[in-house]
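Order of the sequence lines sets the chain letters (A, B, ...), proteins ahead of strands, with each chain counted from 1.
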There are 2 protein chains.
Amino acid sequence: MKKPDRPEIPRKTIYRLSIYLRCLARLKDNAIRTVSSEALAKVAGVKSTQLRKDLTYFGQFGTRGLGYDVEQLSAMITNELGTKSLQPVVLVGVGNLGLALLSYRGFEKEGFEIVAAFDLDPKRRRDKKITQPILGMDQLADVIREKNVKMAILTVAVAAAQEVTNTLVTCGITGILNFAPLVLHVPEEVMVNNVNLAIELENLSYFIQGG
Amino acid sequence: MKKPDRPEIPRKTIYRLSIYLRCLARLKDNAIRTVSSEALAKVAGVKSTQLRKDLTYFGQFGTRGLGYDVEQLSAMITNELGTKSLQPVVLVGVGNLGLALLSYRGFEKEGFEIVAAFDLDPKRRRDKKITQPILGMDQLADVIREKNVKMAILTVAVAAAQEVTNTLVTCGITGILNFAPLVLHVPEEVMVNNVNLAIELENLSYFIQGG
DNA sequence: CCTTGTGAATACGTTCACAGCT
DNA sequence: AGCTGTGAACGTATTCACAAGG
C-alpha cells in the first residue's frame, strides 16, 4: 500500500513540516500575512534552502520576489500532515508519566484526543484528577474497535512493554509512541516512534563535556 | 574545544551507543557473558554491520569467531558516554509534565540526579509529593553555581521558554533538554535536545495513514 | 567455520549556485 | 531587484563484500 505518484518524501522533511506549521501559527497570531523562506527558516532553526527544498516535495506555494502566504502555506501543511480532523489515541500504562500525559493539554490543540487510558490496575489510587476514563486491559480491544483507534501512547514499565505492544498490534494499532526504554519488535506495517528521556540526557551529557 | 585525535564520531552513533548499553544491561541481567554482533544488533533493532561499524570508532573489542564480552563492552560504552559519575541536573517549569519528570525514577538509574526544580510560582499547590525542592527563579543562579550544574530540563510554557533559556545560558548551562514546542535560539556552544510530543504523534499519524 | 573489522560502494540528506518569475 | 524553485555538487551515514583472525 505505497503511495506511488509522489516521489517518496523523506522522514525528516515530514518532521520539519510539523515545525514549520508551529512557526506559521505564531506568525498568524502576530497578524503577519506573508513570509520569506529566509525569515521562516530563521525561526524554525533551519537554512532557507532546506525549507524551500522541503516544500517542493508538495508543489509550489510561493511567489517569487515576495515569499509565502502564511495562511495558505499553513493550510497546505495541515492538509499534508492529515491533522485536520481530531484523531483518537489510547494511552496504556497509567503511572507517573502516563498520568502527566493524560493531563497534558498540548495534544488536543494539535488534533489528537486521548479517548481512554488503560492499566493493569485501573483502580489503583492516583493523586491526580483527569478527565479520561482509566480502564482495565480487558477492555482495550473493544475501545480500539469501537472508536476506530489507530495510535497508542505506551507508558508501561519495560518488563510489560513488549507484551502490551503485541496486544496493541493484534487489536489493530498501527502507530505507537513508545516511552518505555527498550526497542519494540513489531510487524513491518506498524510504526514506532521512541521517546527515551534518559537517552536524550545521556546524549546531551556526552556532547557538552567535550565529547 | 574540539576533540582532535578521534575521527569525529557521528551523532547517531552516540545515540545508538546508549541503546546498545541498555541492551547489554539486559543481557547481563540474564547472565549472558558473550554476544555476537548479530544477536546484539537484533535486540537493538539495527543491522549487525552497523553495530560493528559504530564500535570501530572506539577501537576493537570483539573476538573473531566468538563475539563480544558483554561486561567489557558495557564498560567501554559507559566509559565513552561519560555516565559513570552521577550528574546534577535542574528542572525548570513545574507544571504537569515537570512534576511527572520529577517523580520519574528512570533518570537516577542512568546516572542523572535532578537536584532542584524551579518555577515562577514555587508555592503553587501541587497534588503530588516529590522529593526535590521547588524553588523560585531567583535562586536558579545560585544553585547552578553551587552544585556545578551543566544541564537543564525545560518544561515551561512556550511563552516563557526563550526567556528562561536565556537565563539558563547566562547561568552557565550548556545542555538543555527542551519540552517546550518551539525552536530555542542559543549560542553555538550550548546544545539543545528537543522532545516534542505533539510532533511525534503528528509524525506517526502521517506515516500510518498511507502518507 | 564462525564472527569481527573495514575499505569501497551505495543511498540519503543538505547545501550550493543559479535559472526563472514577479 | 528580490525571492522562489531546482538540478548539480557535496557531505554524511549505511550497507556491502570480503579480508583477517580465532
Worksheet item: Can a donor-acceptor pair be found between the side chains of B/Asp54 and B/Gln50 at a distance below 3.5 Å?
Response: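 Side chains of B/Asp54 and B/Gln50: no pair found under 3.5 Å.
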Worksheet entry | Donor-acceptor pair between A/Asn166 and A/Gln162 side chains, under 3.5 angstrom | yes
Worksheet entry | Contact residues, residues 60-69 of chain B to DNA chain C [heavy atom, < 4.0 Å] |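 Within this stretch, B/Gln60, B/Phe61, B/Gly62, B/Thr63, B/Arg64, B/Gly65, B/Leu66, B/Gly67, B/Tyr68 sit under 4.0 Å of the strand.
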Discussion item. Can you pull out the residues from residues 22-49 of chain B that lie within a 4.0 Å heavy-atom distance of DNA chain C?
Written reply: B/Ser36, B/Ser37
Strictly below 4.0 Å, N to O, side chains only: are [X] and [Y] in salt-bridge contact?
X        : Y        : value
B/Glu38  : B/Arg52  : no
B/Glu110 : B/Arg105 : no
A/Glu71  : A/Arg33  : no

Item to complete: Return no unless some side-chain N or O of B/Arg16 is found under 4.0 Å from OP1 or OP2 of D/dT14.
Response: yes
Fill in: Nucleic acid footprint by protein, nucleotides 7-12 of chain D - heavy-atom cut-off 4.0 Å, B for base, S for sugar-phosphate alone
BB----
Nearest non-hydrogen partners of [X] and [Y], listed with the distance:
X        : Y        : value
A/Val43  : B/His185 : O-NE2, 3.8 Å
B/Ile114 : B/Gln132 : O-CG, 3.2 Å
A/Phe112 : B/Ala198 : CE1-O, 4.1 Å
B/Ala161 : B/Leu182 : CB-CD2, 3.5 Å
A/Asn178 : A/Leu154 : OD1-CD2, 3.6 Å
B/Leu102 : B/Ala117 : CD1-CB, 3.7 Å

Worksheet item: Roughly how far, to the nearest 0.5 Å, is the OH atom of B/Tyr57 from the CD atom of B/Glu8?
Response: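 Here the interatomic distance stands at 10.0 Å.
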Worksheet, complete the sentence: So the contacted stretch of DNA chain C, first to last nucleotide with an atom under 4.0 Å from a non-hydrogen atom of chain A, runs from C/dG13 to C/dT22
Return the value, rounded to whole Å, for the distance between atom [atom1] of [X] and atom [atom2] of [N].
X       : N     : atom1 : atom2 : answer
A/Gln50 : D/dT4 : CD    : P     : 15 Å
A/Asp54 : D/dG5 : CG    : P     : 12 Å
A/Phe58 : D/dT6 : CZ    : C1'   : 16 Å

Discussion item. Can you list, in residue-number order, the parts of residues 185-195 of chain A that come under 4.0 Å of DNA chain D, counting heavy atoms only?
Written reply: none
Practice prompt. Starting from the 5' end of DNA chain C, give me the residue, A/Arg52 or A/Thr13, whose nearest nucleotide shows up first.
Written response: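 Per heavy-atom nearest nucleotide, the more 5' residue is A/Thr13.
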Practice prompt. Taking the side chain as every heavy atom from C-beta outward, state whether B/Leu55 and B/Leu73 have any pair of such atoms under 4.5 Å apart.
Written response: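 When only atoms from C-beta onward are counted, B/Leu73 and B/Leu55 do touch, with a gap below 4.5 Å.
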Practice prompt. Please name the residue in the list B/Leu81, B/Leu177, B/Ile14, B/Leu17 that meets the side chain to side chain contact (heavy atoms under 4.5 Å, CB included) test with A/Asn203.
Written response: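 The residue from B/Leu81, B/Leu177, B/Ile14, B/Leu17 that satisfies side chain to side chain contact (heavy atoms under 4.5 Å, CB included) with A/Asn203 turns out to be B/Ile14.
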Report all side-chain donor-acceptor pairs from residues 140-149 of chain B shorter than 3.5 Å, counting only partners two or more places apart or in another chain.
residue  : atom : partner  : partner atom : Å
B/Asp142 : OD1  : B/Arg145 : NH2          : 3.0

